[in-house]
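Read through the structure below, which is laid out as structure tokens, and then see the notes.
Numbered from 1 within each chain, the chains take letters A, B, ... in sequence-line order.
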Amino acid sequence: MNRKVAMAVRDESCSDCKMCQYASVICQTGNGPDNATIMVVGKVPNSDKYQELVDEALGEVGIDSSLCFYTAAIKCRSWETEPGKTDVKTCAKYLHAEIELIKPKWILAFGNEALQALTGNSGIMKYRGRVIEREGYSIIPTLSPASIQRNPGQRQGWLADLRFFAAQVYDRTSTVSKPKVAVIDTADQLKRLNQRLKGAKLLSYDIETFGDAEYVQGARIVSLAGTLIDKDDRLFTFALPLGHPGSPFRTSWRKALKVIQKNMEAIPKLIAHNGKFDARWLRYHGMSNIGLTFDTMLAAHLLDENRQKGLKPQGTSRLGVEPWGIDTKNLLLTPINEVLKYNALDTYYTYHIYLQMRQELIDQPKLLRIFQNITMPSCRVLIKSEADGVWVDRERLATNTKIAFEMVAEQERKLDKWMPVPPHPDNHHCILCKSGEHIVAEDWPRMAKGRGKHADINFNPSTWSRWWLFDHLQLPVLERGKDKEDGSDGLPSMKEAVMMELKQFHEVPAVMLERTRWKMMCQYFTSYADNLDDRDHIHTTFKLAGTVTGRLSSGKEDEEKFSGRVDPKGVNIQQVPRDPFVRGLFGAPEDYWFVEADFSQIELRVVAFIARERRMMHLYQTGQDIHLATASSVLGVPSNSVTKDDRKKAKAVNFGFVYGMGWNKFILTAFEKYEMVFTEQEARAVRKAYFEQFPDLLPWHARQRRLVHRYKRVQSPIGRIRRLPDIDSPDKAVRGEAERQAINSPIQSFASDMTQLSMVMIDKKFREMGIDGNVIGTVHDASLFQIKKKDVAQALPLIKNTMENLPLDRLFGVQIDLPIVVDIKVGKHWGDATELSADQVYDWDEGILTNG
DNA sequence: ACCTAAGGCGCG
DNA sequence: AAAGCGCGCCTTAGGT
């Protein structure tokens, strides 16, 4: 401890918070030189081990650790109890006294508690890497060394924050200077901008928008900015005000876009950060053919899927520039000049980030091939898919919604029979109670926040429901959630498997289960209705950088893309229930067929291929079904009497064991999903039998473990990389997780890349052959299309042949030596009972339509 | 009137 | 010896 500081600040008799009861040293103040300009604030006084870790990291970014003053948000350290928010608040006075005394210029805040003590704000993930200005000093928060220790995967991002901190402290200016921005605010300048765009070699572009989605009422493009290289190789940054109230083009912004449209679209290299968003908006508002050749967000993800992929974190860590941006609730109320400056800076930094990433990709040819052949083409196809959306049967939606709500109501009516009578308000004299007609539930639960008001009846998994089931109706608590922070028991579980068990004790759980089923339908239907546009289509946003394996994810646009309060539109097309009652709402509009092309058992085929599993490969080469084989050999069902249900169970067994499931979890899932009871002995035997059936699987698991321990990463056959820094975690469970991820990732990645590649190729062939068909999207191992009826005979074999014979050898040098099989379904609706099979529509041998 | 975390479940 | 993987959305609890 620094004695001078301790003398002035420390209070050894402090008992203001609970921490002092357990601490061996009370009110331990900081340590370091009196004249330090850098103060480092942790959660509790540091142990030597963490001090070492911090010293090393600070050294790595060029900060001399011995010149820093080290202190903590909580001055009493104890392993017995964890400080809460109030403790942090109480203790903060000592920290602020230390700041008064040392007068640092810079404060590095490690972790949420330090952030809270220093600023009063919580949310370290939100505030990390920002500069928070205070009178006389600046605070930069980042993650705590303890969390880095637990989770080494975060180390890269953490070091980037530290590097940024060092850059601020030593005023190291970035090599990237700030651009001169040409503001285009007259018709004449717009003309000149158009001349500059003509023949330009490269353009990095970005727009600011207003509205929940490009297609909603009142949506507009607020401004457009760009950094370009013109035909004479001059770098030029501009900002064009559009729909902003302070813009000269506020009423004619679409016309202004029209002026530059042709020249902008003709630029051969178009660069943006998450450009799918911008391209979609521009398309919608008149720039119908805007391209995208290099997306820095997608490149960032390919280069390191674990790092933050946003423009700001990429900019500050790659370029060493100050964080930039505007903090605003409403872009339209922000002065136009600020909007333009920010908008332009985005494009300028995007350009510089692009230069770096381009080189990094060139240095890693496999990644470059993925980027060029899959990532960017896929992104361009999805711009159209997202813009088009998927057709929804509006009438069917209305009918089914009505049914679902009615069914919920019906179940709730059934529950009436067991409803307790709520207690009356205090001092209420009830005649029915006195006469014994009311048996009031006196222990009716009260709301935590409504100052003791009685809770409303709520059949969802709520406090009220739990009271009703487990207190009032006296059902047994079979399972609880995890313990709360204060150590008390978790809430009684109301999950499906538990409710299924409870059916044997009472009639209520069965009704509740039925209600839940319909309630869920209602949720989906409400969301769909909410997202229906005026063409009866709903839209989704596919994220190409949303998963660590390279799969696409689907849902709403990221809220960060917008300023202020928004309710982004979009539904997740990848989690539409398979129930035809829901899936059958989606389909193709008049004169089109809805087509779904599925890779059959693609993940298992990829497992067979990557693991070189001889028996699996043989089964596929001889046209057999692995799930069926597993059902008969592992579950002991004769192969000729395997039912659909057996096969379903076998499927779960296959995926579970292939990806490293143990017998323990097997018992659990078998029971919870299929109500099959296995003893420990039986479960062990099943697992053993499984791996005897496929003897090359365990050696492959071992190989993946070796690889990830050695290289800290694994690769898919075409070279997509999953970095797994957690493999070095001191925590065994975390290491185990990384090992299983090393097994799963190449499989999931490769299967997903096959789907994306097929989507890209089919879209291309549709255009080349003039087929009126569009890609609607992908669902991991399936692609969805809508195809004009007259073109479907031509399209179906094309889809099937393309998917079954992907040019993986030509593009990536990978030869698949087992058959890939694609199933195609065609119909008016997706997943409908009336759906036609491909063979009914198209005779593959004859090449003619036979039905439909 | 907001925000976050956890539980639970939809999909592959 | 023990260990499925990958997502997004909705709801509630509990906090400011």
Query - All side chain to side chain donor-acceptor pair (under 3.5 Å) counterparts of Asn654(A), not counting sequence neighbours - result: His627(A), Thr630(A), Tyr690(A)
Regarding [X], tell me which of base, sugar-phosphate or nothing describes its non-hydrogen contacts under 4.0 Å with the strands shown.
| X | answer |
| --- | --- |
| Gly555(A) | sugar-phosphate |
| Glu496(A) | sugar-phosphate |
| Val658(A) | nothing |
| Arg480(A) | nothing |
| Val576(A) | sugar-phosphate |
| Phe666(A) | nothing |

Of the options [options], whose atoms approach the side-chain atoms of [X] most closely?
| X | options | result |
| --- | --- | --- |
| Arg687(A) | dC5(C), dA3(C), dC9(C) | dA3(C) |
| Trp663(A) | dC9(C), dG4(C), dA2(C) | dA2(C) |
| Gln575(A) | dC9(C), dT11(C), dC5(C) | dC9(C) |
| Asn744(A) | dA13(C), dG12(B), dC5(C) | dC5(C) |

[atom1] of [X] versus [atom2] of [N]: gap in Å, rounded?
| X | N | atom1 | atom2 | result |
| --- | --- | --- | --- | --- |
| Leu604(A) | dC5(C) | CG | C1' | 13 Å |
| Leu668(A) | dG4(C) | CG | P | 9 Å |
| Asp781(A) | dG6(C) | CG | C1' | 13 Å |
| Arg446(A) | dT12(C) | CZ | C1' | 20 Å |
| Met512(A) | dC9(B) | CE | P | 12 Å |
| Gln523(A) | dT12(C) | CD | C1' | 12 Å |
| Phe459(A) | dT12(C) | CZ | C1' | 16 Å |
| Lys688(A) | dA2(C) | NZ | P | 15 Å |

Checking [X] now: which residues fulfil salt bridge (Lys or Arg N to Asp or Glu O under 4.0 Å) with it, not counting sequence neighbours?
| X | value |
| --- | --- |
| Arg583(A) | none |
| Glu737(A) | none |
| Arg128(A) | Asp161(A) |
| Arg647(A) | Asp625(A) |

Phosphate contact ([N] OP1 or OP2) by [X] side-chain N/O below 4.0 Å:
| X | N | result |
| --- | --- | --- |
| Arg722(A) | dG6(C) | yes |
| Lys732(A) | dA3(C) | no |
| Lys665(A) | dG4(C) | yes |
| Thr547(A) | dG6(C) | no |
| Asn460(A) | dT12(C) | yes |
| Asn572(A) | dC7(C) | no |

Query raised in the report: Does CZ in Arg480(A) sit with more than 12 non-hydrogen atoms of other residues, nucleotides or ligands closer than 6.0 Å?
Result: yes
Dump the pairs, protein N or O against N or O of nucleotides 4-7 of chain B, anything under 3.5 Å, distances to one decimal.
| unit_1 | atom_1 | unit_2 | atom_2 | d |
| --- | --- | --- | --- | --- |
| dG7(B) | OP1 | Lys482(A) | N | 3.1 |

Query - Summary of salt bridge (charged side-chain N to carboxylate O under 4.0 Å, His left out) pairs that have at least one residue in residues 739-749 of chain A, sequence neighbours excluded - result: Arg705(A)-Glu739(A)
**Report entry** Pairs touching residues 512-523 of chain A that satisfy salt bridge (charged side-chain N to carboxylate O under 4.0 Å, His left out), sequence neighbours left out
**Finding:** Glu412(A)-Arg515(A), Glu514(A)-Arg517(A), Arg517(A)-Asp579(A)
Exercise: do [X] and [Y] side chains pair donor with acceptor under 3.5 Å:
| X | Y | result |
| --- | --- | --- |
| Glu596(A) | Trp830(A) | yes |
| Glu603(A) | Tyr659(A) | yes |
| Ser554(A) | Thr540(A) | yes |

Requested in this report: Take Gln741(A) and Glu680(A), find for each the nucleotide of DNA chain C with the closest heavy atom, and name the residue whose nucleotide sits nearer the 5' end.
Outcome: Glu680(A)
Query raised in the report: Would you call Val822(A) and Asp598(A) a side-chain contact if the rule is heavy atoms closer than 4.5 Å?
Result: no
Looking at the base of [N], is there any donor atom on it, or on the side chain of [X], that sits under 3.5 Å from an acceptor on the other one?
| X | N | answer |
| --- | --- | --- |
| Arg705(A) | dA3(C) | yes |
| Arg578(A) | dG10(B) | no |
| Arg740(A) | dG4(C) | no |

Query raised in the report: Under a 4.0 Å heavy-atom cut-off, which of residues 745-754 of chain A touch DNA chain B?
Result: Gln748(A)
Requested in this report: Can you tell me which stems DNA chain C forms, taking runs of 3 or more consecutive Watson-Crick or G-U pairs with both distances under 3.5 Å?
Outcome: B:1-12 with C:5-16
Could you list the donor-acceptor pairs under 3.5 angstrom formed between side-chain atoms of residues 681-688 of chain A and any protein atom two or more places apart in sequence or on another chain?
| unit_1 | atom_1 | unit_2 | atom_2 | d |
| --- | --- | --- | --- | --- |
| Glu682(A) | OE1 | Thr679(A) | N | 2.8 |
| Glu682(A) | OE1 | Thr679(A) | OG1 | 3.4 |
| Arg684(A) | NE | Glu680(A) | OE2 | 3.1 |
| Arg684(A) | NH2 | Glu680(A) | OE2 | 2.9 |
| Arg687(A) | NE | Met661(A) | O | 2.9 |
| Arg687(A) | NH2 | Met661(A) | O | 3.4 |

**Report entry** By side-chain contact (heavy atoms from CB on, under 4.5 Å) - contacts of Ser600(A) (at least two apart)
**Finding:** Arg605(A), Val821(A), Asp823(A)
